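Comments concern the structure below.
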Amino acid sequence: MLIREANRSHEHEVIEIMNQAIMDRKNAYLEIFNAENGRQWYDSLRAKAIKFCVCVIDNRIVGWGSLTSYRENRGALSGNVEITFYVHNDNKKQGIGTLIIKYLEEVALRLNKTHVVAILLDDNEASQILLTKKGYKTLGHFESIATFPNKTLGHLYMWKKLRGHES
Ligand SMILES: CC(C)(COP(=O)(O)OP(=O)(O)OC[C@H]1O[C@@H](n2cnc3c(N)ncnc32)[C@H](O)[C@@H]1OP(=O)(O)O)[C@@H](O)C(=O)NCCC(=O)NCCS
């Protein structure tokens, strides 16, 4: 299992993983990406990400993750980063999500970031359990802010203070 920087050649596989999650209602996108808006989303993430990585097994992308600014350009908040991670449906429960989080936290530490936040829908049990295991705490719950055709969900903000930063 290898972690690599995401590049143009990874676009289709990353979007496929993203579309699986959209179909499973694991994020707030209502429609899956087509080739055109998928490329826009991918390019925009590549442009803004502090780190955008893929996890590769046997030349296949099995997961991806990113670190992006939390509230970009606000200097007082620049020690905070948002973490995002997705695993291919065929490769869940194999430790890949754990590996991506570990890698991205190491990157954040190297960049002297102090806090990491994951923002997720409040029915996302798998992520909640995984993040809790990794030391994240739910510090924000915005109830009933995400409206889907057949349900309304909230947003959880799960934070972790990184090692070595005490204030
Ligand atoms: C959440 C997600 C990343 C987990 O990835 P994963 O590679 O399957 O996770 P891991 O194998 O590293 O699991 C580590 C632990 O998390 C917990 N966990 C993972 N999936 C779980 C599930 N479906 N139900 C309950 N607990 C789960 C377990 O405690 C697991 O440990 P165990 O295997 O010893 O039981 C994956 O389900 C996913 O891609 N979900 C959709 C995208 C998403 O929700 N992203 C988060 C928003 S940023």
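Treat the numbers as computed from the prediction; the structure is a model and nothing was measured. Numbering of ligands and ligand atoms starts at 1, following listing order.
For D123 and R25, the salt-bridge test fails: no basic side-chain N is under 4.0 Å from an acidic carboxylate O. With salt bridges taken as basic N to acidic carboxylate O contacts below 4.0 Å, one links K102 and E106. Using a cut-off of 4.0 Å between Lys/Arg side-chain N and Asp/Glu carboxylate O, E105 and K113 are scored as not salt-bridged.
Each of the following atoms of ligand 1 lies closer than 4.0 Å to a heavy atom of Y86: 39 (O), 42 (C). Which parts of ligand 1 touch G95 is read off a 4.0 Å heavy-atom cut-off, strictly below it: atoms 10 (P), 11 (O), 12 (O).
For R60, the CZ atom is densely surrounded, since the number of other residues' heavy atoms within 6.0 Å is greater than 12.
On a distance-only criterion, V87 and ligand 1 share at least one N/O pair closer than 3.5 Å. Between L120 and ligand 1, a contact under 3.5 Å exists for no N or O pair. Note: no N/O pair closer than 3.5 Å links N91 and ligand 1 by distance alone. No N or O atom of I119 sits closer than 3.5 Å to an N or O atom of ligand 1.
At a 4.0 Å heavy-atom cut-off, ligand 1 does not touch E125 at all. If you look at N124 next to ligand 1, the close heavy atoms, those under 4.0 Å, all belong to the side chain. By the criterion of a heavy-atom distance under 4.0 Å, both the backbone and the side chain of L130 are placed next to ligand 1.
Aromatic pair Y103/F85: centroids not less than 6.0 angstrom apart. Y70 and W159 have their aromatic ring centers within a separation under 6.0 angstrom.
Counting only heavy atoms from C-beta outward, the side chains of N37 and Y29 never approach each other to under 4.5 Å. Using a 4.5 Å cut-off on side-chain heavy atoms (C-beta onward), L30 and P149 make contact.
When the heavy-atom distances from atom 8 (O) of ligand 1 to R25, K93, K26, Q94 are ranked, the shortest goes to K93. With atom 46 (C) of ligand 1 as the reference point, the heavy atom nearest to it among G65, G97, A118, S127 is part of S127.
In terms of protein heavy atoms, atom 13 (O) of ligand 1 is closest to T98 OG1, 4.0 Å. If you check which protein heavy atom lies closest to atom 45 (N) of ligand 1, you get F85 O, 2.8 Å. Closest to atom 25 (C) of ligand 1, if we only count protein heavy atoms, is I129 CD1, 3.5 Å. Among protein heavy atoms, atom 22 (C) of ligand 1 sits closest to A126 CB, 3.5 Å. Of all protein heavy atoms, the one closest to atom 38 (C) of ligand 1 is K92 CE, 3.5 Å. Atom 34 (O) of ligand 1 has as its closest protein heavy atom K133 NZ, 3.6 Å.
Residues forming a ring-ring contact (aromatic ring centres under 6.0 Å, His included) with F148 (at least two apart in sequence, or on another chain): none. Partners of Y157 by ring-ring contact (aromatic ring centres under 6.0 Å, His included), not counting sequence neighbours, listed by chain and number: F142.
The two atoms that bring A28 and L121 nearest to each other are N-CD1, 4.2 Å, heavy atoms only.
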